[in-house]
Amino acid sequence: MMASSYKDEDGHITVSGSGAAAGGGGGSLRSKKPENTAFKQQRLPAWQPILTAGTVLPAFFIIGLMFIPIGIGLYVTSNNIKEFEVDYTGVEMSSPCFTCSQNFSWNSTKPCTCSVPFHLDQPYESNVFMYYGLSNFYQNHRRYVKSRDDSQLNGNEESLRKPSKECEPYAKHNNKPIAPCGAIANSMFNDSLELIYIDPNGTKVQIPLTATGIAWWTDKHVKFRNPGAENTNLTVVFQGTTRPVNWRRPVFQLDSDPDNNGFINEDFIVWMRTAALPTFRKLYRIIQRRSNVHPTLPRGNYSLEVVYNYPVRSFEGRKRMILSTISWMGGKNPFLGIAYVSVGSVCFLLGVLLLIIHHKYGNRNNAAEISH
Amino acid sequence: MTWRSPLALVRDALQGQRARERELRSLVSNLPYEGQEKGKQPNRFFLSNAIKTTKYSLLLFLPMNLYEQFHRLANLYFVGLAILNFIPVVNAFQPEVALIPICVIMLLTALKDGWEDFRRYQSDRKVNNTPCFVYSRREKQYVERRWKDVRVGDFVRVVSNEIVPADLLLLYSSDPNGVCHLETANLDGETNLKQRIVVSGLGAANLGFEPESFNSTVVCERPNSNLNHFKCFVEKPDKDKVGASIESLLLRGCTVRNTNHAVGFVVYAGHETKAMLNNNGSRYKRSKLEQKLNVDVFFCLILLFAMCLIGAFGHYLWLESLPGVPSFLVPDSNGHLDVPSLESFYMFFTMIILLQILIPISLYVSIELVKVGQIFFITNDIDLYDEETDSRVQCRALNITEDLGQIEYVFSDKTGTLTENKMVFRRCSVMGTEYPHKENAIRLDVIDEPESEEEVIFNQHQQLPRSRWSLEAEDISPPDTQRHGRRRKSKVAANAHSDAAFSSPLETEVIPDQKLLQQISRAESSGGRRDGNRSFDPHLDFFLALAICNTVVVSAENAHRQRVSLQSRSNSPLQNIRKCQGLFRKFSVKECTSPQSSQMRNPLETFSSLVKKAGAFFQRDKRNRTLSEDPVIDSAKTEDEADANRLRTCSLHAPSQNGSTIVEAEELCYEAESPDEAALVYAARAYGFILLARTPDSVTVRLPSGEDLVFEVLDTLTFDSNRKRMSVLVRHPVTKDYVLYTKGADYSIMELLGTPYAENFSGTEKNIAADTQYHLDCYAKEGLRTLCITKKVVSESTCQSWLGERKRAQAAMECREELIMQTAVQLETNLTLLGATGIEDRLQEKVPDTIVALREAGIHVWVLTGDKPETAVNIGYACRLLEEEDLVINMSCKNKVTCTAILDCTLEEVRRYRDDPRNAGTTQNISLVIDGNTLDMAKSPDLQERFVELTKHCRSVLCCRVTPLQKSAVVKLVREKLKVMTLAVGDGANDVNMIQAADVGIGISGQEGMQAVMASDFAISRFKHLKKLVLVHGHWCYTRLANMIIYFFYKNVAYVNLLFWYQFFCGFTATTMIDYWLMIFFNLFFTSTPPIMFGIFDKDVSVEVLQGVPELYRTGQGKGEYNFLTFWIAILDAFYQSLVCFFIPYLAYQDSDVDLFTFGTPLNTAALFTILLHLGIEIKSWTLVHWIIMLGSVALYFIVTLAYTATCVTCNPPSNPYWILQNQMADPMFYLIVTLCTVVALLPRYTFHVLKNSVAPSPLLQGRQLDRMDPSTRDQWIKEWRG
């Protein structure tokens, strides 16, 4: 709009001239005097901050004084989180899972199992979250990330039969559509982990693990839907599709619980939320606190029973099991606390430095002498 | 219409092509062919009068606009990347998504283009359908047609105040002298009337004109754009050729004035008319900043390539390091995996797509938008508005606003630029005797006085700007002429302006010198009775020459063309109209043959103009009463008289003669092409030699005795810059002598002098020439413009033969100009000197102030003038270009050897002066005065280095006696040798070269027409406006744009680098952790408006401080704020900030269950805050607009992102940001991370600013500190600081 308003003045000679004539001269009488408004004359009232030591001093101190306590709080919170990690990849010869890790193929029918003993030094009081961790697994590879069909996962019948081409080459197998299609689903983590508490007296108690509530509510209830909404018989629904090539069971046999089966299986949903970084953990199970008297996981010896299915040697990966309590800030990570404390201190020190500078140079500034 | 074979059509088209290309065109009347089919029309090959300035047609808009847009390199880059994205192996985004940015940009551009084109279409249609009168043979009269129906070969009748529809060869005019008056303001802005003459010798013009009887052939040249040249002859059936030139051409777009009606033959129509050929839209210049910017874009390109190479190489290494084929490596659809080297080769291109926004393509669009905004504010500046001419500053070049902020050299014309170009007669020397005109000088001094008073008032007002502005606004709101007149009255003393050219008393009133008056009356009485001898008195001759030797047009009713308001201001307008109609008839010249003449069409207009005139008289009368004893007319006493009374006053002066051509002298209005001439005519009038009328053939002069003499004008040798003189050849009505009066510059006249006139006049041997020369030198020292007046009596035989030659020259088609010039030179020899005049050209208001400010701003000021050195030096001191304490070097030498020597010598001296420790502390102002000849020598290749070196040390340079070509050569020399930003300012045609040669050309729309304005980039109306334009707007535009560009580079690099750092953690596979749409929106919507707003609105230092402390301007000169260092600092900062914004979230989320987009969200948000707050640090003043846009951007980000993540469940496969931000915003970690990122990212820049501002504040910062003081303290500070 503005472009045209000045364009008029840049001289289409004839056009503007005759235009004025056609207007009967009436148009040319309007004074061209610009409007005397604060906006047009660029005199709008303005706040003009000048960044000098004197003016910004409070800002530095405030930042310093705010960040340090926050940092300390974060650090303490993080430190209160209990975390335990077991690597069960089986790279070393001594590792119980070494054999399993050596002879591996995606299609082996006989599952390989191994059990990894570990010891918890302190009891875990509250709910404990059980994670599996993978390292060096690039779930964020561009083509891997794309290799899924959200509309199929959302329960779209058409996509079920005709998976999107993004799923290629995991869209069809033997001319049957793959459900769920794509590389992400195909490479789903399929180790199963069991936790066994070994009483001081030697009896083995299996720790009950909750498999639900590990995925985002919105994922489970909105994003992921089984096809054929009303039909609870998933076998029928998925008729005509085939399982992903690396899977041992079709999608409708992931769990016996109908609310945790098919596309809305939470293990599947968790896996489908692709990790941002190559070393990641994913929530596997939750160990609910049973009573107020006993800790969720008492101090003592444990054994991790692993059904070793998932190959990691092709990318020099590591597999871990992580037990962690959780706070409002998530898992254990001292970084933020340290960062807040150090930034806060730096700001505080800068504030002190500026105070000195302000005393030295502050008066000079008021004497607005303009140097040549 | 009969069917014609395609072959015939092709043949016709070819013929038409040939006919249009031919050097000469033969045109015949269309009338004999009227009604016949097109194929038989003789002029069918020439373009019709319909114009089409639109670029596109409705059907072809899309393809043509796309074609236009793809001419831009930036768009090609975009499209290339989009295409690259369609190749499956390299694509980074979904192909469709990648098309969005380019589509949005091109759509916006197309909409803008389309809208502009539509407006052009509308105005074309309006113009094409304007009615006009064309002769029709069938109806035997002129019938109304539309402009578009006019064809070459038609006869068009135009009436007064009508716009000429096409280029017409004037064949008939209602004026008995065969003259048609023309106002060319629409074409070149010149407001004085031009005379056009009927092509002579085409039958009896006075008996009316019969188009049907016109059977000659008009042969004219090919259409060209030169508005001042036209070559043509009319070949009658008897093969007699009559030449015609521009003098007989009515140009399309001009307005006919003061002529009842005229008939013309259409020679050029439509796009071939001179007006249309001159209409070539706005100029495109590339600013220096943009050139620098392109270099940096190139750096960005290198950076991009480096980053892509790193990506490709990294991907290769990553693939190589994998021991097997992990399940996250996705083969292509055939299940095949490419070898690492090929994969990484593809990856290079994918990376280019991913990191493409590193090249700030949107920067170009943003810069255009910013400039639009900047120009909007410049043109809306009320301080750059001139009330007298009702004109704002015009920005004709749309993209060099920021160049105004980097000016280092200003080249200025003198006349009309520094001075008013309103000439005032000051003194004269007749026959070697000086007449100082003391009374006149006193009068002028008295006029000067109120000026200072007003200045005081003005200054007071300046301190309270608000009240002043509001006052004026109130004043202007009711367009009441009476009030307007009164206001003007108070101002007239200061400015001596008014709507009609040269009608202010300052120029028109000259108080005669008593001594000279006596001398004349003596001459009158002594020779008065003896008719034969009278004209020999040189004093009388001198004034006769003043009155005759010019091209001044006398018009009694210039009122017609004044633009006055139509609002009636009296209670009973009708009554007044009736009153004035009678009056009006007396006013209008001679024969108002038809009562329904054009002037009658608009009685109100006439009436109001009369009222205006009456007001003008009023003023003059009053002035005369107060200033001199000269009781001109006893007018009404009070100012507040009713309109009717005013009219009565007016009618007192109105002529009561019975329709004679002569009107009362007081009513005369002189229209001169050059103000010098008007001043001389007014001077002659003061002595009783009144120029009463001028027609092409005669001049009527009233002598002091009251007798009217009608001189027959045989020829007028017009002024040109080579001869520097003009002559008029007349035949004295009494003595029947052929007399040539010549006036011109002293140096061009003095060498043509023949025997001293005095010898045959009296016995006293006086060396008149020497005395006059002495006087001339004195005049020049006073800063007056000098002219010599000479006379020559030509014998009848010489005259006749010369006239024959002259006529041949004028009819020549080949090198007509040279021939005409030769004949002129031939005649102008052996002149007899009569005397000389000194005319003062008053400085415009506030010129010294402006020049001082420019000099203080570190700008070298050069003044280039055609004046004598003495005049120039004097003016130089007057306008404070030269100061008393300056070291002024005068260079004027005859030959090159001396020139070299002087140059070396001076250079040595200057260096010594500069190196002298005694001068270390003082500000040495060295000024150079050089004349045209010396300049030519100094410019020669072997000396120019030294010359430029010398001028580099000079704060101001004054070049005298330079030609227009030299002006532009000097500008080019300085611009190219010193690599500096130059600005040229001028007002006349002679400055056009210079204006075009400079980086920034500024035209002053003044008395000399619009040619300079047409060639300029910016047009202002007063020289003083230069101060605010350059020091304030230039500075603002430059700082704003420079900072915006730096910021833009920073912004893109900072954001893109986030993606780049992520590549190190995703195996260099070009994954993005931010949703594509949000990424595109980030650049397109969330962060695009703040920098544009920054570029348009940010105000670092206020107007008052920038004007009060011109030194602040220096920050923009030379390298300025946008340079190598600032650019790379911004890039480094961008790298740092992106590292912070990436790695803080990275470390915080390390080894957690964070997913791709959840990780990207705090990154994106932190980047948004960092980028916006970075701008917040750079913004110098926060107005409401700033707040709205900054907060709006943040709000937009959250609203759009929340809406998008809430609704998009499967809409954008394969990426799926569903409920991500909602989830994040429920997590306190998100806020902690974003806060930390933002603080850490901005801490260094913030601290750096604070430290720099505290420890070593820049001048600009000190300026800003001045701003914060209250106005009175600030003014005191400025004053104290300035000493």
Side-chain angles (χ1 to χ4, degrees), chain A residues 2-3 6 9-10 12-15 17-19 21-22 29 31-34 36 40 42 44 46-48 50-53 56 138 140-144 146-148 150-151 154 166 168-169 183 187 218 223 273-274 276-277 279 281-283 314-316 329 331 335-336 343 357 361 368 370, chain B residues 123 126-127 163 186 253 275 279 282 322 324-328 330-331 333 335 372 375-376 379-380 382 385 390 392 394 396 469 473 565 1065-1067 1069-1071 1147-1148 1151-1156 1159 1181-1183 1210 1213-1214 1216 1218-1219 1229 1240 1249-1250 1253-1255 1259 1262 1264-1266 1277:
Chain A
M2 282 192 267
Y6 66 77
E9 291 162 21
D10 64 39
H12 295 281
I13 309 168
T14 325
V15 174
S18 340
L29 295 175
S31 168
K32 281 194 197 151
K33 187 170 185 169
N36 190 7
K40 284 192 175 173
Q42 307 191 53
L44 284 176
W47 173 58
Q48 295 174 300
I50 297 182
L51 302 178
T52 54
V56 301
Y138 284 81
N140 55 13
H141 187 294
R142 178 170 49 89
R143 267 186 256 159
Y144 180 85
K146 286 199 302 183
S147 189
R148 63 192 285 161
D150 278 320
S151 116
N154 196 230
E166 301 284 353
E168 296 279 359
S187 62
T218 49
K223 227 167 116 177
R273 190 160 277 283
T274 50
L277 299 167
T279 297
R281 59 176 73 169
K282 278 178 188 293
L283 192 54
S314 58
F315 51 93
E316 284 177 330
M329 59 169 285
F335 167 75
L336 264 191
V343 171
I357 286 173
Y361 295 94
I370 281 109
Chain B
S123 91
K126 205 159 140 194
V127 169
I163 294 177
N186 280 344
N279 180 4
S282 58
L322 289 175
V325 182
S327 50
F328 52 79
V330 186
S333 48
V372 168
I375 285 170
F376 171 81
T379 49
N380 269 298
I382 205 158
Y385 167 78
D390 186 30
R392 301 177 179 193
Q394 280 179 50
R396 298 175 48 80
W469 272 312
S565 88
F1065 303 94
C1066 69
T1069 55
T1071 316
L1147 290 169
D1151 190 23
S1152 70
D1153 58 346
V1154 71
D1155 70 281
L1156 194 63
F1159 176 66
S1181 66
W1182 291 76
T1183 64
T1210 57
N1216 194 326
Y1218 182 67
W1219 218 251
M1229 286 284 278
V1240 176
H1249 270 267
V1250 169
N1253 290 349
S1254 310
V1255 178
Q1262 288 168 331
R1264 291 174 60 198
Q1265 272 165 341
L1266 282 181
W1277 268 114

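Everything numeric here is computed off the predicted structure, so don't read it as measured data. Below, each value reflects all heavy atoms present in this structure, side chains not excepted, and no hydrogens, waters or symmetry copies. Letters A, B, ... are given to chains in the order of the sequence lines, protein chains preceding strands, and every chain is numbered from 1.
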I'd like to check the side-chain contact (heavy atoms from CB on, under 4.5 Å) partners of Pro326(B); sequence neighbours left out, ordered by chain and number. Ser314(A), Phe315(A), Leu322(B), Phe328(B), Leu329(B)
Taking the side chain from Asn154(A) and the backbone from Lys223(A), do they hold a donor-acceptor pair closer than 3.5 Å? yes
With chain B, which of Tyr138(A), Trp47(A), Tyr144(A) has the greatest number of heavy-atom pairs at distances under 4.5 Å? Tyr138(A)
With chain B as the partner, which of Val343(A), Ile50(A), Leu336(A) has the greatest number of non-hydrogen pairs under 4.5 Å? Ile50(A)
The interface call for Phe335(A) against chain B, heavy-atom contacts under 4.5 Å, is side chain
Of the backbone (N, CA, C, O) and the side chain (C-beta and beyond), which part of Val1154(B) lies under 4.5 Å from a heavy atom of chain A, both, or neither? both
Under 4.5 Å heavy-atom distance to chain B, tell me which part of Lys40(A) shows up: side chain, backbone, both or neither. both
Please enumerate all residues that pass side-chain hydrogen bond (donor to acceptor under 3.5 Å, both in side chains) together with Thr1071(B), with sequence neighbours excluded. Thr1069(B)
Charged N to carboxylate O below 4.0 Å: is that the case for Asp1151(B) and Arg281(A)? yes
Looking only at Ala183(A), Gly331(A), Pro169(A), most heavy-atom pairs under 4.5 Å shared with chain B are made by Pro169(A)
Do any N or O atoms from the side chain of Asp150(A) and from the backbone of Thr1210(B) form a donor-acceptor pair under 3.5 angstrom? no
